[in-house]
Amino acid sequence: MSEVLLRARFRLRGARARHLVLAVRVVAGGTIAAFALSTPGFMSSLSINALLNAISLIGCVAIGMTFITLTGNIMSLCLGATVSASALIFLASLSFGVFAAFLIALLFGVAITAVQGFLVGSIRANPILVSIAGLSLLIGGAALITGGQRIYPSGEGLQMFKGRAAGVPVEALYFFATVVIGQIILSYTRIGREMTMVGSNLRAATAAGIGTTSAITYAYVIAGACSAVSGVLLAARYGSGDMELGAGYDYIAIAAVLVGGTSIQGGSGSVLRTLVGVTVIAIIEVVLLLRGFSQQLQYLITGIIVLLVIMLHTIGERR
Amino acid sequence: MQFATKLLIEPNKRPFTIMAAVVIVLALMDQGEGYFFSLGTVFSVMQLFATFGLVALGLGLSMLVREFDLSVAGIVGLAGCIAVITGASSPWLGVLFGVGAGVVSGVIQGLIMTRLHLSSVGVTLGGLLTLQGLTYVLTENKTIGYPNIAVALGLNAPIGGLVSVRSVAALAVFVIAALAMTYTHIGRDIIATGSDRRASRVAGLKTDRVIIGVFAASGASAALAGVLLSYSLGAASPVALADVLPTAAAASIVGGVSVVGGRGSPLGIAAGVLTLCILRSGLSAIGVEPHVHDLVTGAILLAIAVLDAPELLQRVTAWRLDRAERKA
């Protein structure tokens with residue numbers, strides 16, 4: 001198979017290449033859509049709701065991860081822990097009222113990642129190393145403060161972040177709001193454009209006089225805020241929390257980012273692509289579930305499809 | 001003073017400096033009570049070393065060639081399950097199949113990366129998810145017990161109160177890796193590929209083969225860790241060790257492996273793993289709260305991240321000039 005792909009790559013140059021890659025993507029997307037629509041019960045409100053629930057929580061983290069990947073900093077292994085920690089902060093500060101608690105959780109998430117972003121941006125510290133340091137500090141700090149106990153809500157107001165409004169799960173509304181805000185920041189603000197430039201060529205961006213430190217720091221700030229939103233939604237859904245809540249989210253999030261087609265090298269990607277990535281993964285899972293595949297086969301098939309899609313994208317973007 | 005800075009900054013010496021510092025600080029905290037310097041602590045350090053060491057070695061090798069093998073976390077689980085399933089009658093058969101699976105997975109991913117010129121993070125992330133899926137399928141989403149309890153007991157039985165068969169096996173692999181890296185051309189090839197791949201290729205080195213070989217070795221090493229762990233627990237479960245990847249990465253980096261490739265050694269990685277294991281067992285031996293070691297590990301990693309940052313010096317110089325200017 002690799003021979004065929006290799007030859008295909010040599011033939012693909014320039015605009016024609018882009019058209020062909022686009023065609024392959026459309027065909028792949030069409031196949032998934034056809035599979036989904038031909039699955040009995042996929043269009044039922046039950047499965048649509050399951051789909052929305054599945055993409056909302058992980059989706060927020062994936063949106064945040066997009067900004068880190070886009071600025072050329074590969075991925076963060078600390079976002080899952082940030083999700084858990086902000087969920088704990090949110091639950092613990094509910095006694096100040098739900099809005100205050102939401103704000104505190106948001107500020108906390110932002111503070112955690114802002115420090116990391118500043119280190120990465122200002123002195124070019126290695127992003128993966130910094131994120132592992134952050135992960136250790138968060139896990140250790142949380143265990144020290146909570147003593148490993150579960151945290152229960154200290155006040156009322158969780159209903160704001162769960163249940164449904166106008167027939168749609170509330171989580172999905174928060175998620176779509178995050179998508180819209182994220183994409184607006186990325187395409188219509190100066191800092192958003194600077195992030196893309198920093199990711200595509202750091203030295204050129206520096207030479208052009210772009211504040212690379214602030215662009216990267218802001219990317220991490222957004223990642224922290226998105227993770228905190230996910231943490232608040234998780235806390236509301238489960239009604240209590242510990243540091244296991246968001247464990248493993250980092251990997252699913254980066255998978256969604258890459259499946260969406262954001263380049264791992266940075267400089268090319270968008271929030272909307274990640275929305276597509278999260279949705280594709282969720283659709284595959286729901287379809288497999290509806291078609292009666294066992295849980296274990298679902299994991300395997302999803303893994304293989306993620307691998308194939310990532311290969312497809314990277315072949316397309318290679319120069 | 002200059003000597004001390006050298007010990008801390010020179011990458012070949014730093015892992016051992018950090019390890020010595022950790023031992024000294026723990027000994028001071030122990031205040032001669034004898035909880036830290038005891039056979040029990042050494043044994044538990046070595047048991048932890050057996051669990052995390054080989055995974056760190058695998059990941060560290062991939063970092064040496066400037067790649068990042070996320071799939072080691074998946075191989076640990078898969079190889080453990082394969083060994084438990086196939087090794088019921090003969091444990092060696094399980095080792096063979098488990099490690100074989102690690103090699104195969106490494107070679108396949110290496111081929112995909114080199115033939116299609118893909119980055120390792122994407123490919124090994126897909127690999128990680130696929131391997132985890134395979135593990136779920138093989139175990140049918142359950143924990144499988146390993147009937148051969150004698151093997152489990154034998155692997156973990158203390159030898160001279162210091163080590164067990166399991167930790168000796170891990171140590172042996174490190175020694176073999178260190179010898180191969182020092183005395184054969186493999187070491188030079190790996191360092192050359194990691195330092196500058198294009199230059200190495202121009203100089204006639206078959207870098208693609210080096211990469212595939214490194215990923216095969218990385219898979220084998222992580223697989224052996226998984227096999228030994230599953231045997232000694234007497235069970236295999238698809239729910240992988242969640243913290244295995246960050247711990248392995250942290251150990252490699254504390255062990256002096258550069259994240260931008262071309263720098264590091266198996267001995268350094270061993271020192272890095274030992275440092276983290278000594279922290280974990282040592283702190284609990286002297287009765288410090290169990291999660292303080294996470295905080296200390298995090299602080300050490302943060303310090304390394306800052307010290308190794310390529311633009312630290314420029315920033316500090318700029319800041320000093322700025323301050324001098326303001327004074328004048």
Side-chain angles (χ1 to χ4, degrees), chain A residues 2-3 5-6 9 74-75 77-78 116 119-120 122-144 147-148 244 247-248 251-252 254-255 258 263-265 294-311 313-315 318, chain B residues 68 70 73-74 111-112 115-119 121-123 125-141 238 242-243 245-247 249-250 253 258-260 289-306 308-316:
Chain A
S2 68
E3 276 302 294
L5 288 175
L6 197 65
R9 222 186 64 241
I74 309 170
M75 67 180 286
L77 288 166
C78 182
Q116 300 176 26
L119 285 178
V120 173
S122 66
I123 57 173
R124 300 301 306 147
N126 182 272
I128 292 189
L129 178 49
V130 169
S131 77
I132 299 176
L135 171 72
S136 292
L137 289 173
L138 264 186
I139 289 184
L144 212 62
E244 291 294 312
Y251 302 105
I252 317 175
I254 185 72
L258 295 182
S263 158
I264 191 77
Q265 269 103 11
S294 63
Q295 180 87 50
Q296 50 265 33
L297 272 177
Q298 289 175 38
Y299 286 126
L300 178 61
I301 297 173
T302 312
I304 292 175
I305 292 181
V306 168
L307 180 60
L308 288 178
V309 174
I310 291 175
M311 281 166 63
H313 279 310
T314 358
I315 292 162
R318 275 277 149 182
Chain B
F68 199 76
L70 288 166
L111 278 173
I112 293 179
R115 286 293 157 87
L116 304 178
H117 304 278
L118 302 185
S119 88
V121 175
V123 173
L125 175 74
L128 170 67
L129 297 176
T130 309
L131 290 168
Q132 271 175 354
L134 261 180
T135 317
Y136 275 105
V137 170
L138 280 180
T139 57
E140 293 177 339
N141 209 351
D243 64 338
L245 196 72
T247 312
I253 292 163
S258 157
V259 243
V260 290
E289 284 205 44
H291 277 281
V292 173
H293 82 86
D294 280 323
L295 289 175
V296 180
T297 310
I300 292 177
L301 287 175
L302 204 59
I304 293 180
V306 171
D308 276 357
E311 290 187 7
L312 176 66
L313 217 60
Q314 278 147 277
R315 289 285 159 177
V316 172

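No hydrogens, no waters, no symmetry mates; every other heavy atom, side chains included, goes into these values. Order of the sequence lines sets the chain letters (A, B, ...), proteins ahead of strands, with each chain counted from 1.
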Any side-chain heavy atom of Asn141(B) within less than 4.5 Å of one from Ser294(A)? no
Heavy-atom proximity to chain A below 4.5 Å, by part of Leu138(B): neither
Could you have a look at Leu135(A), Ile301(A), Ile252(A), Leu144(A) and say which one has the most heavy-atom pairs with chain B under 4.5 angstrom? Leu144(A)
Which distance, rounded to the nearest 0.5 Å, do you find between the CG of Leu307(A) and the CE of Met311(A)? 6.0 Å
With side chains defined as the heavy atoms from C-beta onward, is the minimum distance between Phe68(B) and Ile74(A) less than 4.5 Å? no
Measure distances from Leu302(B) to the heavy atoms of chain A and classify the residue's part below 4.5 Å as side chain, backbone, both or neither. both
For chain A, the option from Leu295(B), Leu131(B), Val123(B) that forms the most heavy-atom pairs under 4.5 Å: Leu295(B)
Contact class of Asp308(B) relative to chain A, heavy atoms under 4.5 angstrom: neither
Sequence neighbours excluded, which residues qualify as side-chain contact (heavy atoms from CB on, under 4.5 Å) partners of Leu134(B)? Leu300(A), Leu78(B)
Ile112(B) versus chain A, the contacting section by heavy-atom distance below 4.5 Å: side chain
Side chain, backbone, both or neither: which part of Glu140(B) has a non-hydrogen atom closer than 4.5 Å to chain A? both
Out of curiosity, Met75(A) CE to Ile264(A) CD1, how far, rounded to the nearest 0.5 Å? 7.5 Å
Quiz: residues 122-132 of chain A side-chain donor-acceptor pairs under 3.5 angstrom, not counting sequence neighbours:
residue, atom, partner, partner atom, Å
Ser122(A), OG, Phe118(A), O, 2.8
Arg124(A), NH1, Val120(A), O, 3.2
Asn126(A), OD1, Ile128(A), N, 3.1
Asn126(A), OD1, Leu129(A), N, 3.0
Ser131(A), OG, Leu77(A), N, 3.0
Ser131(A), OG, Ile128(A), O, 2.8

What part of Leu297(A) gets closer than 4.5 Å to chain B, counting heavy atoms only: side chain, backbone, both or neither? both
With rounding to the nearest 0.5 angstrom, report the CD1 to CG distance, Ile310(A) to Leu125(B). 5.0 Å
Looking at Val121(B), Val292(B), Thr297(B), Thr247(B), which one has more heavy-atom pairs under 4.5 Å with chain A than the rest? Val121(B)
